[in-house]
Amino acid sequence: MTNPELRRQVINIYKELLYMGREYPLGYEYFRTRLHRAFSSQAKLQNDDEIRKGIARAEFVKKGLYYVKRYRALKQRYEENR
């Protein structure tokens, strides 16, 4: 990777996904190994446009993890009130 700004973005999104993965339903270890495998498979990318597409895909996954976390929190709250 030649562009230091893109490298920083990739590292930041990886760290954010790792942090959000702590509450993944199948467990942190499962999530961490899958995330590492996904990022490692894209390590060979050199084209800046392809790297940006990968960052956008990671942002999409991050949004999905946020919704899973929110859904689980709401479900837990409403089940306590029954």
Side-chain angles (χ1 to χ4, degrees):
M1 188 180 315
T2 56
N3 189 340
E5 177 59 32
L6 286 177
R7 178 175 169 78
R8 193 170 334 119
Q9 287 178 4
V10 169
I11 292 171
N12 284 340
I13 192 73
Y14 184 78
K15 287 180 181 181
E16 290 173 5
L17 286 170
L18 271 180
Y19 180 77
M20 293 182 82
R22 293 180 309 148
E23 298 177 14
Y24 192 71
L26 296 176
Y28 177 73
E29 270 308 305
Y30 174 83
F31 181 81
R32 189 186 67 75
T33 56
R34 302 268 306 214
L35 180 67
H36 180 73
R37 198 175 326 138
F39 271 76
S40 295
S41 71
Q42 302 297 313
K44 65 188 178 306
L45 296 179
Q46 296 294 324
N47 187 354
D48 287 354
D49 292 332
E50 290 179 5
I51 295 170
R52 285 188 184 96
K53 286 180 186 176
I55 292 171
R57 190 172 36 231
E59 290 287 345
F60 179 76
V61 170
K62 186 173 98 172
K63 186 194 281 188
L65 284 174
Y66 171 74
Y67 284 123
V68 167
K69 178 180 175 181
R70 193 173 81 179
Y71 168 77
R72 292 182 78 196
L74 287 173
K75 183 178 175 187
Q76 188 177 31
R77 273 191 218 133
Y78 284 109
E79 285 180 353
E80 287 176 357
N81 291 335
R82 286 186 181 190

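Numbers here are sequence positions counted from 1. Computed from a predicted model, the values in this text were never measured in an experiment.
- Here CG of Asn47 is found 11.5 Å from CG of Asn3. Values are rounded to the nearest 0.5 Å.
- Under a 4.0 Å N-O distance rule, the pair Glu50/Lys53 does not qualify as a salt bridge.
- We find the OH-CG distance between Tyr67 and Leu74 to be 12.0 Å, quoted to the nearest 0.5 Å.
- Arg34 pairs by the side chain to side chain donor-acceptor pair (under 3.5 Å) definition with Tyr30, not counting sequence neighbours.
- Listed for the Arg22 side chain is a donor-acceptor partner under 3.5 Å among the backbone atoms of Tyr19.
- Considering only heavy atoms from C-beta on, Leu65 comes within 4.5 Å of Tyr24 through its side chain.
- By the neighbour-count criterion of 12 heavy atoms within 6.0 Å, atom NZ of Lys15 is sparsely surrounded, having that number or fewer from other residues, nucleotides or ligands.
- A salt bridge between Lys62 and Glu16 is present, with a side-chain N of the basic residue lying under 4.0 Å from a carboxylate O of the acidic one.
- Between the CD1 atom in Ile55 and the CZ atom in Arg52 there is a gap of 7.5 Å [rounded to 0.5 Å].
- Taken to the nearest 0.5 Å, the CZ atom of Arg72 stands 10.5 Å off from the CD atom of Glu79.
- The side chain to side chain contact (heavy atoms under 4.5 Å, CB included) test with Tyr14 singles out one residue from Leu17, Asn12, Leu18, and that residue is Leu18.
- Rounding to the nearest 0.5 angstrom, the gap separating the NZ atom in Lys69 from the OH atom in Tyr66 is 8.5 Å.
- Of all the heavy atoms in Ile13 and Phe39, the pair that sits closest is CG2-CZ, 4.0 Å.
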